[in-house]
Number of protein chains: 2
Amino acid sequence: MNKESAFHLPSQKAPTLLDSRSANERDILTLIRQRSSLPKAEIAQLTGLSAQSATVIIKKLEADGLVRRLKPIKGGVGQPKVPFGLNESGAFGIGLKVGRRSFDMTLLDLKGNVRATLHEKFAYPTVSNLLTFAKRAFNVLIKNLDADQQRLIRGLGVAMPFEIWSWAEEAGAPKNELEEWREFNPQAALEDLLSLPVFIKNDAGAACSAEMSFGNPQNYSSFLYIFVGTFLGGGLVLNNQLVNGKTGNAGAIGSLPFYNGSTQSQLITQSSLYLLERKLNDAGHNGQHIYESPSHWSCDTRSIEDWLSETARGLAFATQCAMSLLDLDGVIIDGAIPDDVKNALVAHTQSAMETLDMRGLAQVHISEGLVGRKAQSIGSANLALQANYY
Amino acid sequence: MNKESAFHLPSQKAPTLLDSRSANERDILTLIRQRSSLPKAEIAQLTGLSAQSATVIIKKLEADGLVRRLKPIKGGVGQPKVPFGLNESGAFGIGLKVGRRSFDMTLLDLKGNVRATLHEKFAYPTVSNLLTFAKRAFNVLIKNLDADQQRLIRGLGVAMPFEIWSWAEEAGAPKNELEEWREFNPQAALEDLLSLPVFIKNDAGAACSAEMSFGNPQNYSSFLYIFVGTFLGGGLVLNNQLVNGKTGNAGAIGSLPFYNGSTQSQLITQSSLYLLERKLNDAGHNGQHIYESPSHWSCDTRSIEDWLSETARGLAFATQCAMSLLDLDGVIIDGAIPDDVKNALVAHTQSAMETLDMRGLAQVHISEGLVGRKAQSIGSANLALQANYY
DNA sequence: TGTTAAATCAATCAGGTTGATTTAATTTGT
DNA sequence: ACAAATTAAATCAACCTGATTGATTTAACA
């Protein structure tokens, strides 16, 4: 968004189906998504708009196929409420996750349902493989939609690790094979390839957007999102808005300074999954297991337990940093880890917090992310929806 | 601000002189303040508004006495530009700084000039002394304005340390004498006493608002503000807006976790002025000197040098935390310290940064605050102006 | 006298508002 | 048990604010 967006312009043209929404339309869509469904009267109340305006806006959203009239709620005195909910087939987003060990492409509907996914694994990513995969996967995915629905695809979101060419060795890639990514402009290349608007975010930021839109059960309006993947990452939401930062890197808690004993390093070397992989390999187990087994890790519990407490120490540190600087509602921890491990990680982090000096800080709420392992893929697809509707 | 303010309402009534401004009026006032003066054509350009709208809004601001037509700029081809600047006597704010060793009351005009100040020192603050001072000082200050101008006072801003009853010993106050502040509601008490709208902020947040409005020469739109006072504090600005946080405590870097060697503590015990006071006392000098001598510290340079490098280590740490979490434009360091010390502190912090592992982070810009020692007082007075006009 | 850029005029429009009215249910009274 | 009263949601109609665009005026330099 450029400078102009800070100002309060009426929309430039009569908004058609393809136009981006006015601020109030977006606010209302966001509210409906958060509460699943809302009658006009409550919308007016919650937004502070007049009942009349709520009527007019909902009428337009309904005509545009974005919301749908639901069954009236009788039982109370007065005319029954007619709730409106999102029309799941009202718009679609496609997401492309560029990972260090796999590509993912996901078709997401307006309600956040995954309509289809494709996945491709490899030892390390190359640019040409990405473009081939993108083209092929796109053509497969859109088969899930009829011609009308295909026209409702709002764009392609891309989730990509920050500086994918860095940390090559830690990620298990040959040292110089990733250099080509430095020169690659994914936005231009993919817009050209697929003729769709393309939105780029770093992987953790995309995951954060998914949690904000489809998770966040406590409804924090400001929170730090922590994603424990091969490398630690995160995102930041303030007042229900994803914070971008100067270079699009806000929330990157991996770069926080962290002192382990006396050695000065970064938090990424304290709380990342590659450390567990190493630990398992060193103990004579198969470290790859943690990437391949999404829902349960049946491996050396001793290594996992060690890793959990080290990781938790790091996350507790990050939590205190964030609370101190930002005075947040809470912190959400998620990752590419099984549910029981995630649960244990939150518990370990909470107890690690108790050893910290938290004077002057508000009570900290730490909770589990709902979206989980697929957060990056779903988040990438959500970028296009977010850009248009929320 | 409550929930409603997030929505996009037209102003509720025909705005009179007393009403708060519409978003575009505020934006334009902010622009004019930042650039000192602007002709209508440039305002239209910078805001993205049409020339016509710029004309209409400026006409209203001029009628309300907030801006003033300046001398036309000839010399270029075409009709000469007529720049508009803030009318310094168009509005006033009063600020009350509640400190641990003194009270300050300041009368500030729309341009940020201090029209008058009163100061009162003590060993430790009491509630009744505050109220007495507030009443008396207010009556003295308004003598500087004629009757018409007195009606342009837009409110009282109060800058107060967070939990003033804490840290009593470190601040040199008797242990239990500050307990009464826990029960004290400054907003209600002062609104009642002076019949003015009252705005409360913690001291560092108020200082930050002063730097944002009247300093910030690099025009960072997002920055961390660090204020080195008796106790370390700070404030945060994102997209030209002071960030508040859930409990109004965002930017409180004093509570960042800091490990000095192996002992875990908070940054406030690494980078605060009371540490220099102690250091001086321990070395047989007069520690109070640093609070009493605003423009030059003529005392043990060895102690100062030691304190500078320790403090800088802490500030470098805070800088990395902030950059990592928020990906800022820069960091501004200020404090209740002489200019040469401030300068040295920035230099020490910059060189301390070089010892840190900054991989993955954008280039960091660290600069000196312009407003300085009076930032808290000026900032407090600015709160009322900010609330109405920016 | 022509050219240029700033500023204003005039007409219009988008997106809100309020107050009166309609609608469809429950509750009450006889 | 049924009609009337009550209640709350939703809509209608008129209007207002704050923006827009396109044509015109103004005041300087060339």
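Heavy atoms only: backbone and side chains are in, while hydrogens, waters and symmetry mates are out. Throughout, protein chains are lettered first and strands after them, A, B, ... in sequence-line order, and every chain is numbered starting at 1.
- Ranking C:dT8, D:dT21, D:dA10 by closeness to the B:A51 side chain, first place goes to C:dT8.
- A donor-acceptor pair under 3.5 Å is formed between the side chain of B:S213 and the backbone N or O of B:S209.
- In this view, B:Y220 and B:S367 satisfy the side chain to side chain donor-acceptor pair (under 3.5 Å) rule, not counting sequence neighbours.
- There is no side-chain donor-acceptor pair under 3.5 Å between A:D27 and A:T47.
- Legend: residues meeting side-chain contact (heavy atoms from CB on, under 4.5 Å) with A:N113, ordered by chain and number and at least two apart, are A:E88, A:D109, A:K111.
- Residues that satisfy the side-chain contact (heavy atoms from CB on, under 4.5 Å) test with B:S36, not counting sequence neighbours, are absent from this structure.
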Please enumerate all protein N or O atoms sitting under 3.5 Å from an N or O of nucleotides 9-12 of chain C, with distances to 0.1 Å.
residue, atom, partner, partner atom, Å
C:dC9, N4, B:Q52, NE2, 2.4

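- Map B:K81 and A:A54 each onto its nearest nucleotide of DNA chain C; the residue landing nearer the 5' end is B:K81.
- At D:dG18, none of the side-chain N or O atoms of B:S22 fall inside 4.0 Å of OP1 or OP2 (strictly under the cut-off).
- The interatomic distance linking B:L70 (CG) with C:dA7 (P) rounds to 12 Å, in whole Å.
- Across the protein-nucleic acid pair, B:I57 atom CD1 and D:dT17 atom P stand 15 Å apart, rounded to whole Å.
- Judged as a salt bridge (Lys or Arg N to Asp or Glu O under 4.0 Å), and not counting sequence neighbours, B:D146 has no contacts.
- Nucleic acid contact class of B:V82 (heavy atoms, under 4.0 Å, all strands): sugar-phosphate only.
- The shortest distance between the side-chain N/O atoms of B:N24 and the OP1/OP2 oxygens of D:dA19 is below 4.0 Å.
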Collect all protein-nucleotide pairs involving nucleotides 20-28 of chain C in which both atoms are nitrogen or oxygen and the distance is under 3.5 Å.
residue, atom, partner, partner atom, Å
C:dT23, O2, A:Q79, NE2, 2.1

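- Taken residue by residue, residues 33-41 of chain A places no heavy atom nearer than 4.0 Å to DNA chain C.
- Under the side-chain contact (heavy atoms from CB on, under 4.5 Å) criterion, A:S380 pairs with A:A159, sequence neighbours left out.
- Distances shorter than 4.0 Å separate none of the side-chain N or O atoms of A:S50 from OP1 or OP2 on C:dG16.
- Partners of B:D148 under the side chain to side chain donor-acceptor pair (under 3.5 Å) rule, at least two apart in sequence or in another chain, are B:R151.
- For B:N240, there are no side chain to side chain donor-acceptor pair (under 3.5 Å) partners, not counting sequence neighbours.
- Scanning for side-chain contact (heavy atoms from CB on, under 4.5 Å) contacts around A:A210 gives A:V371, A:I378, with sequence neighbours left out.
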N/O donor-acceptor pairs under 3.5 Å from side chains in residues 65-80 of chain A, not counting sequence neighbours:
residue, atom, partner, partner atom, Å
A:R69, NE, A:E62, OE2, 3.4
A:R69, NH2, A:E62, OE1, 3.4

